Amino acid sequence: MTRVIMFGLPGAGKGTQSALLAKSLDVPHVSTGDLFRANIGESTPLGQEAKKYLDAGQLVPSSVTNAMVKDRLSQPDARKGYILDGYPRTVDQAEALSDILAELGEKIDVVLSFVLPEEVVVERMLARGRADDTEEIIKGRLQIHKNETEPLLDFYRDLVVSIDAVGSVEEVQERALAALDK
Ligand code: ADP
């Protein structure tokens, strides 16, 4: 299984686990955060579009994000698979992804859902010590996730495999790899 969506609360460890899985499976780690930075850095048309919103302190519309993902998943190195990290974030994006994959003639193999208690997430985020990681802001992000992202579990219900995300990075990685082997 090499076409993977990473699902879980912000701070669940998706980015950390994605990088390791991408190495093990030898497929690209497609993170929307990285895609924004790359497109803006290279000043692509989509990057310029995204920058307009970011500079104005607004959310980048899904149409721009979807187009960046389409672009990335169409590259030759993505034919062997990909780890999608941070995307899709809403059911609308999941529907857009379905269209992208239909065009490519591909299907998602599995949605790895990293499960852990909210308290552990809050602890991990506070441990990062970033200025934008106050308890209040973290709780706000968790609420947005509940409202907008959690419905994906139903959208992908036939593909979801739950992974216990409490434990060391190595332990969680072992569980993720074991789930992909099945
Ligand atoms: P996400 O991509 O799901 O938001 P990250 O991979 O960015 O999560 O991880 C959030 C924070 O938790 C980071 O500071 C990361 O280093 C830390 N972290 C990730 N996995 C673990 C783990 N198994 N145990 C403790 N801390 C972890």
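In each ligand, atom 1 is the first atom listed, and ligand 1 is the first ligand listed. Quantities reported herein were computed from a predicted structural model and do not represent experimental measurements.
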K.L.:
Which heavy atom of the protein is the closest neighbour of atom 16 (O) of ligand 1, given with residue, atom name and distance?
P.N.:
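In this structure, atom 16 (O) of ligand 1 has Thr16 OG1, 4.2 Å as its nearest protein heavy atom.
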
K.L.:
Is any side-chain heavy atom of Leu9 closer than 4.5 Å to a side-chain heavy atom of Thr149?
P.N.:
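They are not in side-chain contact.
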
K.L.:
Using a strict cut-off of less than 4.0 Å between a Lys/Arg side-chain nitrogen and an Asp/Glu carboxylate oxygen, indicate whether Arg89 and Glu148 qualify as a salt bridge.
P.N.:
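No, no charged N to carboxylate O under 4.0 Å.
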
K.L.:
Give the numbers and elements of all ligand 1 atoms closer than 4.0 Å to a heavy atom of Gly15.
P.N.:
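Listed by number with element: 1 (P), 2 (O), 6 (O).
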
K.L.:
Non-hydrogen atoms of Leu9 versus ligand 1: any pair closer than 4.0 Å?
P.N.:
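Heavy atoms of Leu9 do come under 4.0 Å of ligand 1.
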
K.L.:
If we only count N/O pairs under 3.5 Å, is Asp85 in contact with ligand 1?
P.N.:
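The answer is no, given that Asp85 and ligand 1 share no N or O pair closer than 3.5 Å.
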
K.L.:
Among all protein heavy atoms, pick out the one at the shortest distance from atom 4 (O) of ligand 1; state its residue, atom name and that distance to 0.1 Å.
P.N.:
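Result: Gly11 N, 2.8 Å.
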
K.L.:
State plainly whether the residues Arg72 and Asp34 are in salt-bridge range, i.e. N to O under 4.0 Å.
P.N.:
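Judged by the 4.0 Å cut-off on N to carboxylate O distance, Arg72 and Asp34 do not form a salt bridge.
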
K.L.:
Have a look at Arg124, Arg130, Arg141, Arg128 and point out the one with the heavy atom closest to atom 26 (N) of ligand 1.
P.N.:
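Minimum heavy-atom distance to atom 26 (N) of ligand 1 goes to Arg124.
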
K.L.:
Is any side-chain heavy atom of Tyr156 less than 4.5 Å from a side-chain heavy atom of Pro88?
P.N.:
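Touching, per the 4.5 Å side-chain cut-off.
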
K.L.:
What atoms of ligand 1 come within less than 4.0 Å of a heavy atom belonging to Ala12?
P.N.:
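Listed by number with element, the hits are 3 (O), 8 (O).
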
K.L.:
Enumerate the atoms of ligand 1 whose separation from the nearest heavy atom of Gly167 is less than 4.0 angstrom.
P.N.:
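Near Gly167, meaning under 4.0 Å from one of its heavy atoms, ligand 1 has 22 (C), 23 (N), 24 (N).
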
K.L.:
Is Ala165 touching ligand 1 with its side chain, its backbone, both, or neither, if touching means heavy atoms under 4.0 Å apart?
P.N.:
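Under 4.0 Å from ligand 1, Ala165 contributes no heavy atoms.
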
K.L.:
Counting only heavy atoms not in Glu174 (residues, nucleotides, ligands), do more than 12 fall under 6.0 Å from its CD?
P.N.:
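Count not over threshold, so no.
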
K.L.:
With a 4.0 Å cut-off on N to O distance, would you call Lys139 and Glu118 a salt bridge?
P.N.:
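So Lys139 does not pair with Glu118 through a salt bridge.
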
K.L.:
What heavy-atom pair brings Ile100 and Lys70 nearest, and what distance separates the two atoms?
P.N.:
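Looks like CD1-CB, 3.8 Å.
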
K.L.:
Any idea which protein heavy atom is nearest atom 8 (O) of ligand 1, and the distance to it?
P.N.:
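Nearest neighbour among protein heavy atoms for atom 8 (O) of ligand 1, to 0.1 Å: Gly13 N, 3.0 Å.
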
K.L.:
Using a 4.0 Å cutoff against the non-hydrogen atoms of Val169, which atoms of ligand 1 qualify?
P.N.:
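Those of ligand 1 that fall under 4.0 Å from Val169 are 20 (N), 21 (C), 22 (C), 23 (N).
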
K.L.:
Report yes or no: do Tyr82 and Asp77 form a side-chain donor-acceptor pair below 3.5 Å?
P.N.:
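No.
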
K.L.:
Would you mind listing which atoms of ligand 1 come within a distance below 4.0 Å of any non-hydrogen atom of Pro10?
P.N.:
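Listed by number with element: 4 (O).
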
